[in-house]
Amino acid sequence: MTESRPYFAVNSVPSNYHQTYGYGGYQPPAFPVVRLRGLPFNCTDIDIYKFFAGLDIVDILLVNKSGRFAGEAYVVFAGNMHVEFALQRDRQNMGRRYVEVFRCKKQDYYGAVAAEVNYEGIYDVDYQRSPSPTPSRPKRFEDKDQMEFTEILKLRGLPFTVKKSQILEFFKGYQVIQDRVHIACRPDGKATGEAFVEFVTSEEARKAMAKDKMTIGSRYVELFPATHDEARRAESRSRQ
């Protein structure tokens, strides 16, 4: 779908990068997210990976309204220099449509995530690059206990180098089906920071929610109820 065209070198710093982030005094880095608008309605996350080829994407959230794709997305990058390069793709084509790429705030991103959680109860996205306190969330993030549980939990915020053995150790004392631990990967084979873990019963999965917001290594790990369909989709994407 994505129109083929040469891409700029990632190690070439945009001309406005130092003016934006400066050398004098420490400035806290902005949350590295952009918003896309005007996407084809059959767009997938793989199309967005291709659109931003050469950049390090941490997460993609396709925006749905009333269960239908709205032609918009939020893309979280590994750092702000990648955001600067991403902005240079503004009004370039994906298929026959030109795509707007523009800055947005962390609050916009979390608001979109909260809307997805409220609608489906299966999407939750977080992004943390350091062991700092977890950011504040919309109130609906606190309603996990009211969500419907299956035997599966979704983990977000994992170290990108996490191993299955670390996840099993994290859930030590809970009845995990050991061959049903799936670490999600992007099409290029890199870990997404997500995993799906299946327990022997839905009640055991609910009990394991006691580990929510505890750490693996230096990363806070968030847990969410997940559906079998969501776990299958993640496993299928990892094989593509």
Side-chain angles (χ1 to χ4, degrees), residues 44-50 56-62 64 67 73 75-76 78 113 116-131 134 137 140-240:
T44 67
D45 53 355
I46 294 175
D47 294 314
I48 293 176
Y49 278 119
K50 291 178 180 178
D56 193 354
I57 293 174
V58 172
D59 193 73
I60 296 171
L61 175 67
L62 299 174
N64 294 283
V75 182
V76 180
V113 171
E116 291 293 298
V117 172
N118 188 51
Y119 182 77
E120 295 189 47
I122 59 173
Y123 293 99
D124 191 283
V125 186
D126 197 4
Y127 169 90
Q128 283 194 308
R129 305 297 296 175
S130 65
T134 53
R137 283 182 171 71
R140 281 172 289 191
F141 278 102
E142 306 304 327
D143 296 336
K144 297 176 189 176
D145 287 342
Q146 278 66 56
M147 294 168 67
E148 183 177 350
F149 277 77
T150 68
E151 299 90 344
I152 299 172
L153 292 183
K154 180 178 182 177
L155 286 65
R156 290 300 305 250
L158 291 165
F160 294 115
T161 56
V162 72
K163 300 290 189 286
K164 178 180 174 180
S165 59
Q166 291 175 280
I167 294 175
L168 291 172
E169 180 65 24
F170 182 73
F171 287 117
K172 187 175 181 180
Y174 298 95
Q175 298 180 62
V176 174
I177 301 175
Q178 295 199 11
D179 62 353
R180 297 300 300 156
V181 176
H182 172 68
I183 298 172
C185 294
R186 297 174 358 186
D188 62 5
K190 293 182 180 180
T192 65
E194 298 181 0
F196 293 83
V197 177
E198 186 169 341
F199 297 81
V200 293
T201 64
S202 58
E203 184 57 32
E204 190 70 8
R206 185 184 291 272
K207 290 178 183 177
M209 284 293 294
K211 300 289 289 186
D212 187 30
K213 298 183 182 178
M214 294 190 181
T215 58
I216 291 180
S218 62
R219 301 289 296 271
Y220 287 97
V221 178
E222 291 210 79
L223 309 181
F224 297 89
T227 66
H228 289 274
D229 283 345
E230 186 185 11
R232 280 194 293 268
R233 287 198 300 269
E235 193 166 353
S236 176
R237 284 197 297 269
S238 297
R239 289 197 296 264
Q240 289 180 351

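Side-chain atoms are counted along with the backbone in the values below, which use heavy atoms only and exclude waters and symmetry mates.
- Between Ile48 and Ala73, the shortest heavy-atom contact is CD1-CB, 3.8 Å.
- The distance from the CZ atom of Phe196 to the CD atom of Glu235 is 10.0 Å, given to the nearest 0.5 Å.
- Interatomic distance, CZ of Arg233 versus CD of Glu230, reported as 6.0 Å (0.5 Å rounding).
- Side-chain contact between Asp59 and Thr192 is absent, with no heavy-atom pair separated by less than 4.5 Å.
- Between Val221 and Lys211 the shortest side-chain heavy-atom distance does not fall below 4.5 Å.
- Of the N and O atoms on the side chains of Glu198 and His182, not one donor lies less than 3.5 Å from an acceptor on the other residue.
- Rounded to the nearest 0.5 angstrom, Glu148 CD and Thr227 OG1 are separated by 9.5 Å.
- Between Leu223 atom CG and Phe170 atom CZ the span is 5.5 Å, to the nearest 0.5 Å.
- No cation-pi contact links Lys207 to Tyr174, judged by a cut-off of 6.0 Å to the six-membered ring centre and 45° from its axis.
- Side-chain atoms of Lys163 come within 3.5 Å of backbone atoms of Thr161 as a donor-acceptor pair (strictly under, hydrogens ignored).
- Put simply, the side chain of Val176 does not reach to within 4.5 Å of the side chain of Ile167, judged on heavy atoms.
- A distance-only check finds no donor-acceptor pair linking the side chain of Thr150 to the backbone of Pro225 [under 3.5 Å].
- Under 4.0 Å is where a charged nitrogen must lie from a carboxylate oxygen, and between Lys50 and Asp47 no such pair does.
- The CD1 atom of Ile152 sits 10.5 Å away from the CZ atom of Phe199 when rounded to the nearest 0.5 Å.
- The closest donor-acceptor contact from the side chain of Glu204 to the backbone of Thr201 lies at 3.5 Å or more, if one exists at all.
- Distance check, rounded to the nearest 0.5 Å: CG of Leu155 to CG of Asp212 gives 9.5 Å.
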